[in-house]
Amino acid sequence: MLIWLFLAMNFIITEVVKGIKHLYNEEVAESLISIQDTRKEFEGQATIVVFPIVRFSKKSPEQTANDLGAYLVDNLKEVTAFNVVKGFLNLSIANDYWLDLFNNSLLQPDFGVIPSNGRKVMVEYSSPNTNKPLHLGHVRNNLLGYSVSELLKADGAEVYKVNLVNDRGIHICKSMLAWQKWGNGETPESSGLKGDHLVGKYYVIFDKEYKKEIEALKAEGQTEDEAKKNAPLIKAAQAMLLAWEAGDEAVIDLWKTMNGWVYEGFAISYKNLGVDFDKFYYESNTYLLGKDTVEEGLAKGVFFKKEDGSVWIDLTADGLDQKLVLRADGTSVYITQDLGTAQMKYDDFKMNESIYVVGNEQDYHFKVLFLILDKLGKSWAKGLYHLSYGMVDLPSGKMKSREGTVVDADDLIAEMVATAKQKTEALGKVDHFSEEERETLYYNIGMGALKYFLLKVEPKKRLLFDPAESIDFQGNTGPFIQYTHARIKSLLLKADYTPGVFIDNQVALSETELDMIILLAKYPSEISAAAKTFSPASLANYIYEVAKMFNKFYHEIPPIVKEEDEQLKRLRLSLSDVTAGILKSGMRILGIEVPERM
RNA sequence: GCAUCCAUAGCUCAGCUGGAUAGAGCAACGGUUUUCUAAACCGUAGGUCAUAGGUUCGAAUCCUAUUGGGUGUACCA
């Protein structure tokens with residue numbers, strides 16, 4: 001049961017409170033009264049649940065509902081009739097009221113625009129490693145991060161999108177080492193491979209060769225653990241990491257070159273995904289941060305030092321464990337860096353809130369991180385939020401890079417666009433389009449399908465990616481919504497519609513038209529609700545409802561362009577226009593473009 | 001073991017602070033085009049909301065326990 005969040009219905013609640021005072025001489029809070037949509041099978045548009053009021057009225061639910069219904073009809077001109085079903089008071093709201101709402105709200109140019117509220121929010125997302133190309137899991141992260149950012153902007157916040165690139169560490173050294181040994185000077189140019197794929201190729205080679213060495217050592221009688229530690233390749237990689245940290249020129253040069261290739265590759269993937277960032281942070285610059293924070297924690301007595309010199313925090317009182325924050329040799333661990341980076345990001349932007357878009361396997365890490373910052377007395381720690389999302393599963397099971405069962409982001413994008421092209425051509429509607437318009441359309445449809453497919457699922461839930469289903473363009477899909485938009489645009493063009501003229505409030509609304517106005521009017525509150533829970537999914541589902549409602553409307557009325565009654569024609573065209581506007585701006589929040597025709 | 005998340009139709013998912021007979025899409029079956037784009041619409045069929053208790057006028061929703069699954073519990077990042 002959808003609750004009426006938008007202010008338009010508040011006047012009823014206010015009157016109900018007055019009614020209770022008048023009828024029963026009891027003061028009740030407005031928060032006690034809830035209004036919800038009336039179910040389809042009953043008369044009316046707004047329903048008040050009277051059960052909570054019964055203890056004030058001291059009468060049966062039916063009697064209370066009847067009393068209140070009569071009071072509302074007498075005292076509110078907008079309420080024309082009521083009926084009572086069990087404890088539910090269904091109110092019929094005047095036609096005029098809906099038309100006024102339509103004219104004064106939905107038809108206004110600023111409808112759906114939520115004014116700036118001064119909130120400053122940072123959204124950190126993507127955060128790739130530079131040793132391999134992006135895969136499906138990253139795609140979910142990127143799309144989620146981008147659309148949450150857009151959602152918060154739409155809800156009136158100022159948003160900073162940042163990307164913390166993990167560009168250093170043993171994993172990069174693995175790619176570098178393998179390239180040195182087996183690369184023969186191969187480059188993206190010489191191989192024709194996208195830079196990130198080239199580097200990823202050597203990461204895989206490293207892993208393969210490393211495994212061979214482990215097997216060889218085990219054959220010589222070493223245990224698995226010994227073999228893993230003693231393999232020459234891993235020792236070489238560790239040596240390379242030390243050389244990197246010592247600033248060894250040759251190693252740094254190679255590192256810069258190979259990271260450069262990866263960045264060129266990522267730039268293409270990001271462009272194709274339609275995501276962007278206001279600022280990049282690099283771990284090569286931040287990995288030494290956090291030691292100041294450790295000192296601060298020691299001074300404040302939040303951290304303690306063990307005999308070996310390692311620094312810890314005891315979180316057992318909070319139901320967690322003891323956690324290491326600095327090694328005995330004074331080097332950092334993951335959380336040390338994150339403490340420092342969090343401080344740096346705050347110093348840079350002074351934001352009120354900071355959202356980390358990171359997979360749910362790091363739930364514990366962020367719980368600890370936020371708790372530590374809070375214990376350190378950081379005033380901004382309250383504004384930290386881990387937007388945790390579930391893994392993407394394949395029908396065959398988990399994605400495993402080592403077994404080659406990953407879905408590569410670039411391949412996936414290419415496949416979606418190719419499928420869009422094939423399906424669109426099969427329909428034969430675009431033969432007269434220009435080459436450029438066609439290509440753009442295929443891209444928008446393919447990406448629309450992919451983005452919508454991933455975003456319509458609640459972030460925290462695991463998501464099953466079935467390639468066959470994801471390229472389905474029927475039903476609850478991106479292309480369905482895109483198609484609805486294109487259809488409306490075509491209609492408005494044919495009908496020679498000009499916006500900006502209001503509707504005469506004498507027009508009688510059909511049931512579907514009334515339902516449409518009610519549904520469309522919820523758009524701003526849907527944005528706010530989605531922003532509040534950081535969930536593009538709820539917005540995606542709302543947009544789908546809007547598209548579905550339009551298609552129903554479109555089918556059940558005679559052709560609008562031939563409508564003789566000018567007022568009725570204008571009403572229907574305006575409804576169509578407002579629908580198109582919501583589809584367009586709503587989809588934009590999801591990062592999806594809607595075509596003018598398709 | 002402990003922590004945490006998840007469990008709704010054959011499949012993929014909605015169901016928001018508890019509200020009336022639990023909704024969509026896909027798949028299946030049937031229908032709709034001399035009328036504004038059939039990537040559409042209408043209909044049929046499909047459910048012990050994992051299980052058992054509890055709170056409540058009212059529970060898919062809140063609480064407890066159990067079962068099944070994921071993830072974490074690294075001096076990796």
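Lettering follows sequence order; numbering is per chain, from 1.
Heavy atoms from other residues, nucleotides or ligands lying under 6.0 Å from NZ of A:K552 number 12 at most. In the displayed structure, A:K306 atom NZ is contacted under 6.0 Å by more than 12 heavy atoms of other residues, nucleotides or ligands. The number of heavy atoms from other shown groups lying within 6.0 Å of NZ (A:K228) does not exceed 12.
The phosphate of B:U21 (OP1 or OP2) has a side-chain N or O of A:K86 nearer than 4.0 angstrom. Checking the phosphate oxygens (OP1, OP2) of B:C6, a side-chain nitrogen or oxygen of A:K460 falls inside 4.0 Å. For A:R327 and B:A74, the shortest distance from a side-chain N or O to OP1 or OP2 is not below 4.0 Å. For A:R39, a side-chain nitrogen or oxygen approaches OP1 or OP2 of B:G23 to under 4.0 Å. Residue A:K461 has a polar side-chain atom (N or O) positioned under 4.0 Å from OP1 or OP2 of B:A7. Under 4.0 angstrom from either OP1 or OP2 of B:U73 there lies no side-chain N or O belonging to A:K323. Put simply, A:R462 has no side-chain N or O that comes within less than 4.0 Å of OP1 or OP2 on B:C13. Listed pair A:Y483 / B:A39 meets the phosphate criterion, a side-chain N or O lying under 4.0 Å from OP1 or OP2.
The heavy-atom pair separating A:L134 from A:D196 by the smallest distance is N-OD2, 4.4 Å.
In the set B:A77, B:A39, B:A38, B:A39 carries the atom at the smallest distance from any side-chain atom of A:T424. The side chain of A:K548 lies closest to B:A24, out of B:A24, B:A38, B:A14.
In this pair, A:F88 does not lay its aromatic ring on the base of B:G19; centres under 5.5 Å and planes under 30 degrees do not both hold. Here A:F51 counts as stacked on B:G19: its ring centre is under 5.5 angstrom from the base ring centre and the planes meet at under 30°.
Applying the 3.5 Å distance criterion, the base of B:A14 shares no donor-acceptor pair with the side chain of A:S538. For a distance-only test at 3.5 Å, the side chain of A:D472 fails to qualify as a donor-acceptor partner of the base of B:A27. The base of B:A39 has none of its N or O atoms less than 3.5 Å from a complementary donor or acceptor on the side chain of A:T484.
To the nearest angstrom, C1' of B:G25 lies 14 Å from CG of A:N551.
Comparing the C1' positions of B:C13 and B:A22 gives a spacing of 14 Å, expressed to the nearest Å.
For the pair A:L144 and A:F534, the minimum side-chain heavy-atom distance is 4.5 Å or more.
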